Amino acid sequence: MGFGGAGLILLYEGLRRFLQKPRDYRLSKTVFVTVIVLQIVAAVQQSIALRYFVGGAMLVLLFSLTVFYFSRSLGIASNRVFIGLTAAAALVFVLRLVSVLTNQQQVGLYSGTPVQLTVNALFTLVLPLMGMALLYMANQRAQQQLITLATRDSLTGVYNRRAFLDAAALELERSRRYGSALAVVQIDLDQFKRVNDRFGHQAGERVLENFATRGAGVLRGSG
């Protein structure tokens, strides 16, 4: 399988972590062991066709699973770009599998068959673009996390003072422009100090989190 195949498995697991999927390495371990065994069989039989078929099948499987996981996050532009490129990479290796199955005598990266030349050209183009799409996604994730840290309370997730004042200024300007009414509601939690004194600050934090969640659940969006 080589370092390339092992690296792809690590990339696949890294993408799952990026999407905050639970840690479950059973599939990757199964693919790794299966490919190693089949590659050994191919070496013993001196079958170049089998070696390329096994490697291509592994790539198609991992690329297809990656498309499946990322397809649930289509709302993000960088995810859509990455999904398209990964699907293209999967199709490239489907072509590789077809070339192996239909032309047993001429397989390999440097064979002169039209299918293999097409595979090489597309793969050379798609892989760098996939790398740039990954960087784009990581950058978007980092920017979103920075925005969250700058505008949200770390405990409850509601706007902090800075973000609240910015939102209030925007709503005040909108009220003046359209001549609409504007109201501010202040809510106080009765006897909250007693909760902290009697049950501790951790219990008080859970009360605040629960209150913020329930409050956000009954509010409607703007518009």
Side-chain angles (χ1 to χ4, degrees), residues 3-29 31-32 58-95 119-174 205 208-223:
F3 292 108
L8 183 64
I9 291 177
L10 292 176
L11 174 62
Y12 166 74
E13 289 296 339
L15 290 171
R16 292 187 76 254
R17 292 289 301 278
F18 181 81
L19 292 175
Q20 300 178 340
K21 300 294 182 181
R23 297 186 181 184
D24 186 353
Y25 304 115
R26 288 175 296 179
L27 176 62
S28 293
K29 291 179 180 178
V31 171
F32 182 81
M58 180 196 69
L59 291 169
V60 170
L61 173 63
L62 294 181
F63 282 145
S64 299
L65 288 173
T66 300
V67 170
F68 171 75
Y69 286 128
F70 273 84
S71 63
R72 302 182 180 184
S73 304
L74 284 174
I76 304 175
S78 59
N79 284 14
R80 293 196 297 269
V81 172
F82 184 73
I83 288 172
L85 292 171
T86 307
L91 291 176
V92 166
F93 281 97
V94 169
L95 287 176
V119 169
N120 293 345
L122 290 176
F123 195 56
T124 302
L125 176 64
V126 167
L127 270 189
L129 292 176
M130 287 179 63
M132 288 187 284
L134 283 173
L135 291 176
Y136 184 28
M137 286 192 301
N139 181 62
Q140 277 196 321
R141 171 72 63 83
Q143 286 184 341
Q144 185 58 48
Q145 290 175 340
L146 289 174
I147 292 173
T148 300
L149 289 173
T151 60
R152 298 283 180 173
D153 176 68
S154 60
L155 175 64
T156 61
V158 300
Y159 278 158
N160 58 21
R161 182 176 182 274
R162 174 183 176 181
F164 171 77
L165 292 177
D166 289 342
L170 180 64
E171 291 300 325
L172 181 60
E173 178 62 28
R174 182 181 301 174
E205 289 178 352
L208 290 176
E209 288 177 307
N210 186 267
F211 174 78
T213 301
R214 290 177 179 269
V218 298
L219 295 177
R220 67 175 179 86
S222 60

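The model shown is predicted, which means the values in this text are computed figures rather than measured ones.
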* To do: Under the side chain to side chain contact (heavy atoms under 4.5 Å, CB included) rule, what do Leu65 and Leu27 come out as? Steps first, then yes or no, please.
  => CA-CA 11 Å; Leu65 288 173; Leu27 176 62; 3.1 Å; yes
Please give me the minimum heavy-atom distance between [X] and [Y], naming the atom from each residue.
X      : Y      : answer
Asp24  : Glu13  : O-OE2, 4.0 Å
Tyr159 : Phe164 : CB-N, 4.1 Å
Thr66  : Leu15  : CG2-CD1, 3.6 Å
Val158 : Ala212 : CG1-CB, 3.9 Å
Ala133 : Val81  : CB-CG1, 4.2 Å

Taking the side chain as everything from C-beta on, heavy atoms only, tell me whether [X] gets closer than 4.5 Å to [Y].
X      : Y      : value
Val126 : Thr86  : no
Gln144 : Arg141 : no
Leu134 : Leu11  : yes
Phe18  : Tyr69  : no
Tyr12  : Val31  : no

* Give a yes or no on whether Lys21 atom NZ has more than 12 heavy-atom contacts from other residues, nucleotides or ligands under 6.0 Å away. =>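 More than 12 heavy atoms, drawn from other residues, nucleotides or ligands, come within 6.0 Å of this atom.
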* Do the side chain of Ser28 and the main chain of Tyr25 share a donor and acceptor less than 3.5 angstrom apart? -> no
* **Check: Pro22 main-chain N/O paired with Arg16 side-chain donor or acceptor under 3.5 Å** =>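 Judged by distance alone, yes, a pair lies under 3.5 Å.
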* When the ring planes of Phe63 and Phe93 are compared, do they come out parallel, tilted or perpendicular, using 30° and 60° as the limits? ->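 The rings of Phe63 and Phe93 sit tilted, inter-plane angle from 30° to 60°.
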* Asked: Which pairs count as side-chain hydrogen bond (donor to acceptor under 3.5 Å, both in side chains) when at least one residue sits in residues 145-156, sequence neighbours excluded?
  ->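 Passing the test, one end in residues 145-156: Asp153-Thr156.
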* To the nearest 0.5 Å, tell me how far Arg161 CZ sits from Asp166 CG. =>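 That separation rounds to 10.5 Å.
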* Which value, rounded to the nearest 0.5 Å, describes the distance between Leu172 atom CG and Leu165 atom CG? -> 11.5 Å
